[in-house]
Amino acid sequence: MTEDTIFHKILRQEIPCEEVYSDELCLAFRDIEPQAPCHILIIPRKTIPSLNEVIKEDSNLLGHLLFIGAKIANEEGLKSWRTIINTGEESGQTVFQLHVHVIGGRKLKWPPG
Ligand code: AMP
């Protein structure tokens, strides 16, 4: 299992990020190409390429990522926002370390493209 995605390099502090939250389970930082005024990524410290690879033991970790997403959205002052987890290339996933997008600060369209 590769540990060589750009997000692993961020976790290992080999490349910088604009960190907004960190704990023993996850790291959150601002997206380098924000799609809205607020665009934050939350990634687990455990290597998980995507939701296609999660196991039952990851359930609490997955819940934690969403809980931290809500905490960050609140701290960012967002009243309305979206979480996105792209899974697989056709969904738009480009980095194969699981990540939750937290996007807000503008009106978001539905359905997504
Ligand atoms: P996805 O397309 O769901 O895999 O999302 C990957 C996201 O990572 C994209 O929104 C990119 O803009 C973002 N991204 C890629 N490299 C970096 C980086 N070095 N720092 C912050 N965000 C990044």
Side-chain angles (χ1 to χ4, degrees):
M1 191 177 288
T2 181
E3 298 201 353
D4 254 347
T5 71
I6 194 136
F7 291 171
H8 288 91
K9 291 187 171 78
I10 288 173
L11 284 169
R12 295 195 300 262
Q13 299 184 324
E14 291 169 9
I15 63 170
C17 72
E18 197 176 332
E19 181 180 314
V20 295
Y21 178 84
S22 175
D23 66 22
E24 70 282 8
L25 295 176
C26 69
L27 175 68
F29 51 91
R30 295 191 191 279
D31 197 291
I32 204 166
E33 274 185 56
Q35 301 302 311
C38 179
H39 188 169
I40 290 166
L41 303 172
I42 307 160
I43 65 175
R45 293 190 181 278
K46 178 186 174 186
T47 292
I48 305 176
S50 81
L51 280 182
N52 279 330
E53 286 79 22
V54 294
I55 55 175
K56 191 169 190 307
E57 287 67 29
D58 295 325
S59 299
N60 286 346
L61 173 58
L62 294 171
H64 183 69
L65 298 178
L66 290 180
F67 176 77
I68 295 304
K71 172 181 160 62
I72 290 170
N74 181 260
E75 287 170 359
E76 293 283 316
L78 300 177
K79 294 281 179 266
S80 188
W81 46 284
R82 187 176 292 171
T83 49
I84 298 168
I85 304 175
N86 291 321
T87 303
E89 279 176 22
E90 284 197 9
S91 77
Q93 185 176 6
T94 57
V95 180
F96 284 81
Q97 167 67 355
L98 180 71
H99 49 282
V100 178
H101 296 256
V102 171
I103 296 176
R106 67 167 170 82
K107 185 159 175 56
L108 300 171
K109 292 183 179 147
W110 191 264

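Note that ligands are numbered from 1 as they come in the structure, with each ligand's atoms numbered from 1 the same way.
Those atoms of ligand 1 that come under 4.0 Å of a heavy atom in E33, given as number and element, are 12 (O).
Within the 4.0 Å heavy-atom shell around ligand 1 one finds F7. Put simply, no part of K9 is less than 4.0 Å from ligand 1, judged by heavy atoms. Using a 4.0 angstrom heavy-atom cutoff, H101 counts as in contact with ligand 1.
A 6.0 Å sphere centred on CG of D23 holds more than 12 heavy atoms belonging to other residues, nucleotides or ligands. The neighbour count for E90 CD, taken as heavy atoms of other residues, nucleotides or ligands under 6.0 Å away, does not exceed 12. Atom NZ of K71 has 12 or fewer heavy atoms from other residues, nucleotides or ligands within 6.0 Å.
When non-hydrogen atoms are compared, ligand 1 lies under 4.0 Å from the backbone of R30 (N, CA, C, O) but not from its side chain. Neither the backbone nor the side chain of I84 comes within contact range of ligand 1; no heavy atom lies under 4.0 Å.
For atom 15 (C) of ligand 1, the nearest non-hydrogen atom from the set I32, I43, T87, I15 comes from I32. When I10, I6, I40, D31 are checked for heavy-atom proximity to atom 11 (C) of ligand 1, D31 turns out nearest.
For atom 5 (O) of ligand 1, the closest heavy atom belonging to the protein is H99 NE2, 2.9 Å. Ranking protein heavy atoms by distance to atom 4 (O) of ligand 1, first place goes to T94 N, 2.7 Å.
Under a 3.5 Å cut-off, the side chain of R82 and the backbone N or O of H101 do not form any donor-acceptor pair. Under the 3.5 Å distance criterion, the side-chain polar atoms of E53 are left unmatched by any main-chain donor or acceptor of T47. Between the side chain of Q97 and the backbone N or O of V95 there is no donor-acceptor pair closer than 3.5 Å.
The shortest N/O to N/O separation between G92 and ligand 1 falls below 3.5 Å.
Taking 4.5 Å as the limit, every side-chain heavy atom of F29 sits out of range of all side-chain heavy atoms of S22. L25 has its side chain out of reach of N60: every pair of non-hydrogen atoms, C-beta onward, lies at least 4.5 Å apart.
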